[in-house]
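One structure is given here, and the rest of the page talks about it.
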Amino acid sequence: MPDHLLHSPIEYLKGVGPSKAETLKKELQVFTFGDLLHLYPFRYVDRSRFYKLNEISGSAAEVQVIGKITQLQEVAGKGRSKRLVGQFEDDTGSMELVWFQGARFLKNALQLDVPYVLFGKPNSFNGRYSFPHPELELLSEFKASPLKGLQPIYSSTDKLTRQGLNTKGIARLIRTLLPQLKGSLPEFYPPEIRQAFHLAGREASYFEVHFPQNTERLEAARQRIKFDEFFFLQMEMVHQKQMHKQQFKGYAFAEVGTHFSRFFEEVLPFALTGAQKRVLKEIRRDVMHGGHMNRLVQGDVGSGKTIVALMSMLLAIDNGFQACLMAPTEILATQHYQGISSLLAQMDLNVALLTGSVKAAERKGIHQALEEGSLHILIGTHALIEEKVTFRNLGLAVVDEQHRFGVAQRAKLWKKNTLPPHILVMTATPIPRTLAMAVYGDLDISLIDELPPGRKPIKTVHQYDSNRLKVFGFMKEEIAKGRQVYVVYPLIEESEAMDYKDLTDGYESIVRAFPMPDYQVSIVHGRMKAGDKEFEMNRFVKGETHIMVATTVIEVGVNVPNASVMVIESAERFGLSQLHQLRGRVGRGAEKSYCLLMTGHKLSKEAKTRISTMVRTNDGFEIADTDMKLRGPGDLMGTRQSGLLNLKMADVGKDGALLGQARQAAQRILEEDPKLRLPKHQALNSTIQGRTKGARAWGRIS
Ligand code: ADP
Ligand code: MG
């Protein structure tokens, strides 16, 4: 198979002995020819253009000049250090050269009055330019050298450099490699796909990206390589989805029955938003015909995902099935239980709560009712996926806040019935569309992109720590109006001890400023016992305390509509999506709500961007986009997922359009020829086989 040359061990390449091979593996994870081929330059310098000395002005980038060295002189500096100073001339002027290191060696190595090509970044001092540490190559050698035009710059390390593998050394290896790969990089797209998506040729693109002939060709090559990266990812996703649709039968919820209708007509306390209706329709379409639903519902904090989940559960019940809802924390599960039980109070349905702290006797009763089928809805934490918990007929499992659960935990839900129950995953972490497509491309995705009417946008203000008294004053005004306030402290693992000190110091100063009996202050943090946490949390939920001082444990899901102020301490230390989640804890009632971001005066550029983004917008998707641009997609999804993307050149944040196109291409191909059996897909088929040899298997991603 032609692609196999790419799997040749790197030590087989001429110029790579055992010790260089070792270093390449350790430092750059280059094990094979293919790895080296995919080691792309991180930038290029333009060596096609020559400047004259009198053209150099402003803050020019690196320039290239032909001229002669007319003088070289060692000059004594501080202590024993010496620098080398020279004069460089062309027919338009002269400029100073200076080296702070290697003066003796360079003085002997450089020649006077012969033509050199100088390459360097001019430095301006008092209106005069000089070149610190320029690269110099004899003009005669430069002419003979292959590195002209756009020159690739590879990232290297100290260890590599010591073995002669600086950027030039790496370029040399790639120059050795490329001719050997001629014929081993066959085109795999059928012509109509290449045409439709304007793709440059495969082999040419690899040559071009390492040694570009000009910027247009380089750009086309980069587009092609990025497209390929997205394309293979999407082939897996789309394939996975197709297989899922074909292989997995699910339970058909053909009826819209009495519970659903009665709830909709008599119980539902408000009109559904357009987005909620649309998502419900999407869910119904999935579950109606006996296919298996595997759907992600994305919706910003407060967009009303719970009602959508509840109505889907009623659909299951109307068709003779049970439903469950799994939440990541006990507090959240309890809130769901309370909310859903009260909504269903007038209906003849049984709902139970199962968490780690449910007593054995009660637990037994729940298990029994589940097996008999008299229990319709079970709400709980991961306690409900334990093996002992068996349902009579589970038809739908809803998972809230999915990023807190592992894939393995979700998989356990699949086994709770003969056929897998339908799965509805709800997440409040807004993921930009492009990233969702890349990461969850094997799930169907629904979007609740509309907030219920009448929400007043939360007013977000940035305050410096020095204004704390003013902030306390504002908190008092709000409390006087009957509102409640959150004060949240960061808790970062690495600085845990310090963070707890900040939290307790903060708590003490708040208790001093808000004394009993007029004010009641709660505190919740990770070092408290679960029971105490629950107790304090409940006091706040019930409105018995005015202020809740907490670490980020309240980040997830609690609903206290009367809370109208969120004060975030050391806001510069939080990530954007965390800030947004925290802010989502207020603005849930009818009252105007506020988010105060407290910071010190010194802020990094990135922190400033985060704060100003929060002040500017309430839109979770805009925030997620900015977050992704600041941090890159890997961080946004948690490191586990970033490896899954395995992108070398493409960037989900910047190349979203290309990702969409690659998905279209994958869909077109797989719809026409799901098993890639057509002759025109032979090359593609074997390229995929070649890629996955030794890597993960085709279609096994989750
Ligand atoms: P989230 O999507 O964050 O889970 P919830 O489902 O908790 O949001 O809903 C937030 C609040 O909005 C709840 O109090 C809920 O009752 C209310 N709500 C949901 N849908 C609507 C609607 N269509 N109209 C008015 N209020 C709604
Ligand atoms: Mg929720």
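Atoms considered below: every heavy atom in the structure, side chains included; atoms not considered: hydrogens, waters and symmetry mates. We count ligands from 1, going down the list as the structure has it; atoms in each ligand are counted the same way.
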With a cut-off of 4.0 Å, which atoms of ligand 1 are near a heavy atom of [X]?
X      : result
Ala271 : 22 (C), 23 (N), 24 (N)
Ser303 : 2 (O), 8 (O)
Thr306 : 4 (O), 5 (P), 6 (O), 7 (O)
Thr273 : 23 (N)

query = Quick check: does any side chain N or O of His546 sit under 3.5 Å from a backbone N or O of Gln484, one acting as donor and the other as acceptor?
reply =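 Absent.
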inquiry  = Donor-acceptor check, side chain of Asn350 to backbone of Ser374, threshold 3.5 angstrom: yes or no?
reply    =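 Indeed, once roles are kept as given, a pair shorter than 3.5 Å links the two residues.
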task = Assess the pair Tyr489 and Tyr507: is the distance between their ring centroids shorter than 6.0 Å?
result =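 Ring centroids of Tyr489 and Tyr507 are no less than 6.0 Å from each other.
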query = If we only count N/O pairs under 3.5 Å, is Pro453 in contact with ligand 1?
reply =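 Not met; the criterion fails.
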key: His336 vs Asp400, side-chain hydrogen bond (donor to acceptor under 3.5 Å, both in side chains): CA-CA, chis, key distance, verdict   = CA-CA 10 Å; His336 273 312; Asp400 196 10; 2.7 Å; yes
Specify side chain, backbone, both or neither for [X], according to which of its non-hydrogen atoms lie closer than 4.0 Å to ligand 1.
X      : value
Leu272 : backbone
Gln276 : side chain
Pro269 : neither

request  = Could you walk me through whether Arg278 and Asp449 pass salt bridge (Lys or Arg N to Asp or Glu O under 4.0 Å), step by step?
outcome  = CA-CA 10 Å; Arg278 191 186 66 238; Asp449 51 2; 3.5 Å; yes
query = With under 30° as parallel and over 60° as perpendicular, where do the rings of Phe253 and His422 fit, or are they tilted in between?
reply =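 Perpendicular.
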